[in-house]
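These values consider heavy atoms only, across backbone and side chains, with no hydrogens, waters or symmetry-generated copies.
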Amino acid sequence: MLDQNTFMETIREVTEIMKASEETLSREQILSYFDSMDLNENQKNMIFEYLMKPQDEAAEEEKAEASVQSREEDEKFPESQVLRMYMEELQGLNVYEGEELEDLYEDLLDGDRGCIEKIADSWMGRILKMAKKLDIDEADFSDLIQEGNVGLIMKIEEICGCGHRMDVDKVLCEAVETSMKAYVQELSGEDDVENAMVGKATLVNEARKYLMETNGQEPSVQELSAYTRMSTGELRDILNMIQKAEDKMKR
C-alpha cells in the first residue's frame with residue numbers, strides 16, 4: 001500500500017529539486033524518485049503532469065514578462081531607422097551562446113584571433129539591449145551603440161592571448177557598460193561639472209598655499225573668499241573635499 005506521508009514528502013522534495021535544477025528534468029529522472037513506490041502507469045502520468053505544470057506556468061509567465069519588457073523598450077525608439085538597420089544586421093549573424101561562447105572565450109585567452117569576430121557578432125544583440133536601458137535620445141542612440149561596440153572590441157583585443165583565466169563574459173560586460181555610461185555622461189555634461197569642481201579645488205588649494213606663505217598662518221574662509229571671489233559656503237564644501245583627499249592620501 002502507498003504510504004501517503006512518504007508520497008507527499010517525496011512530491012515536495014522533487015518539487016524543490018526541480019526548482020533548484022538549472023536544466024529541466026526528464027520524465028524518467030522525475031519518476032525515478034518514486035521507484036520505491038508501487039505506482040501504476042496512470043499514477044505516474046498524474047505525478048508527472050502535476051510536477052511539470054508549475055514549471056510550464058512559470059515559463060509562460062517569464063516569457064510574457066520578457067515580451068512586455070521588449071515591447072516597452074522598442075516603443076522607446078518606434079521610428080528609429082538605426083534600430084531597424086541594426087536588427088536587420090543581427091538577423092544575418094551567427095550567434096554563439098552557452099558552452100560554444102565559453103569555448104570561444106577560452107580560445108581568445110589562448111591567443112586565437114580567429115574567434116574575435118565571432119565573439120563580437122554574438123555580443124551585438126546584448127549591446128542593443130544594454131543601450132535600450134540607458135536614458136538617451138534617439139538622435140544619440142546610434143553613437144551609443146557604437147561606443148558599446150568600441151568598448152567591446154578594445155577589451156577583446158586587450159585580453160586576447162593574455163593567458164590569464166578570468167570571467168570573460170563579466171569583463172566584456174563591464175567594458176561595454178563603462179563605454180556607454182561614459183558617453184551618456186559626456187552628453188549630460190557630468191564630466192564638465194566634475195572637471196569644473198576639480199579646477200576650483202586646485203584654485204582654492206593654490207590660494208591657500210599662497211596666503212599661508214604670505215601671512216605665515218592658515219588663511220580663514222573669509223580671507224580665501226576675498227582672494228578667490230568665491231562664496232564662503234562653496235569654499236567650505238571645497239575645503240572639506242580637499243581635507244578628505246589629503247586624509248585619504250595619508251592612510
Side-chain angles (χ1 to χ4, degrees), residues 21-24 58-192 194:
S21 177
E22 295 182 357
E23 298 179 357
T24 303
E60 287 300 320
E61 288 177 1
E62 289 181 4
K63 185 176 179 181
E65 184 179 346
S67 178
V68 171
Q69 182 178 358
S70 177
R71 287 197 301 271
E72 289 176 349
E73 290 175 347
D74 289 341
E75 287 171 0
K76 188 175 181 181
F77 305 105
E79 302 298 331
S80 174
Q81 180 67 21
V82 172
L83 184 56
R84 287 196 296 271
M85 291 175 63
Y86 199 84
M87 293 299 294
E88 290 174 2
E89 187 175 355
L90 281 175
Q91 293 176 2
L93 296 177
N94 290 322
V95 177
Y96 297 85
E97 298 177 338
E99 292 184 3
E100 288 185 325
L101 186 57
E102 290 297 329
D103 289 341
L104 289 176
Y105 289 159
E106 292 295 321
D107 294 339
L108 177 70
L109 296 178
D110 291 336
D112 181 4
R113 298 188 61 81
C115 65
I116 292 179
E117 185 175 353
K118 295 177 181 178
I119 294 174
D121 288 349
S122 299
W123 265 82
M124 287 187 68
R126 292 177 65 177
I127 289 176
L128 176 61
K129 290 180 180 179
M130 293 167 71
K132 286 179 178 180
K133 293 178 180 179
L134 295 177
D135 186 17
I136 192 168
D137 293 334
E138 180 182 343
D140 301 309
F141 190 62
S142 175
D143 290 337
L144 177 64
I145 292 176
Q146 187 62 33
E147 288 295 326
N149 284 321
V150 169
L152 175 74
I153 295 299
M154 289 180 64
K155 182 56 67 173
I156 288 176
E157 292 283 355
E158 179 184 327
I159 66 177
C160 180
C162 71
H164 301 303
R165 299 301 98 177
M166 65 180 73
D167 187 342
V168 176
D169 204 79
K170 181 180 179 181
V171 169
L172 295 183
C173 185
E174 289 176 348
V176 172
E177 286 182 345
T178 298
S179 295
M180 285 185 170
K181 288 179 179 179
Y183 179 67
V184 173
Q185 288 177 350
E186 181 182 338
L187 291 176
S188 64
E190 290 182 18
D191 283 346
D192 293 338
E194 184 177 348

Exercise. Can you tell me how far CG of Leu108 sits from NZ of Lys155, rounded to the nearest 0.5 angstrom?
Worked result: 11.5 Å
Seminar exercise, completed: Between Ser122 and Tyr96 the two heavy atoms that sit nearest each other are OG-N, 2.8 Å
Exercise. Do Ile116 and Glu157 touch side chain to side chain, with heavy atoms closer than 4.5 Å?
Worked result: yes
Problem set entry | Contact check, side chains of Leu144 and Leu187, non-hydrogen atoms, under 4.5 Å | no
Exercise. Heavy-atom distance under 4.5 Å between the side chains of Ile145 and Tyr183, does that happen here?
Worked result: no
Exercise. Taking atom CE of Met154 as the centre, does the number of heavy atoms from other residues, nucleotides or ligands within less than 6.0 Å exceed 12?
Worked result: no
Exercise. Does Glu147 reach the side chain of Lys181, with side-chain heavy atoms less than 4.5 Å apart?
Worked result: no
Exercise. Run the salt bridge (Lys or Arg N to Asp or Glu O under 4.0 Å) check on Asp110 and Arg165 step by step: do they pass?
Worked result: CA-CA 10 Å; Asp110 291 336; Arg165 299 301 98 177; 3.1 Å; yes
For this session: Using a cut-off of 6.0 Å, state whether more than 12 heavy atoms not belonging to Glu117 lie near its atom CD.
Result: no
Exercise. What are the two closest heavy atoms between Ser179 and Gly151, and how far apart are they?
Worked result: OG-CA, 3.1 Å
Problem set entry | Within-4.5 Å side-chain heavy-atom neighbours: Asn94 and Lys118 | no
For this session: Decide yes or no for Leu134 and Met130: does some side-chain heavy atom of the first lie under 4.5 Å from some side-chain heavy atom of the second?
Result: no
For this session: Working to the nearest 0.5 Å, report the span between SG of Cys160 and CG of Leu109.
Result: 8.5 Å
Seminar exercise, completed: When rounded to the nearest 0.5 Å, the distance separating CH2 of Trp123 from CD1 of Ile156 is 8.5 Å
Exercise. Do Met180 and Val184 come close enough that some side-chain heavy atom pair is under 4.5 Å?
Worked result: no
Problem set entry | Minimum side-chain heavy-atom gap Leu101-Asp169 below 4.5 Å | yes
Seminar exercise, completed: Closest heavy-atom pair, Leu104 versus Cys115, reported as atoms and distance to 0.1 Å, is O-SG, 3.6 Å
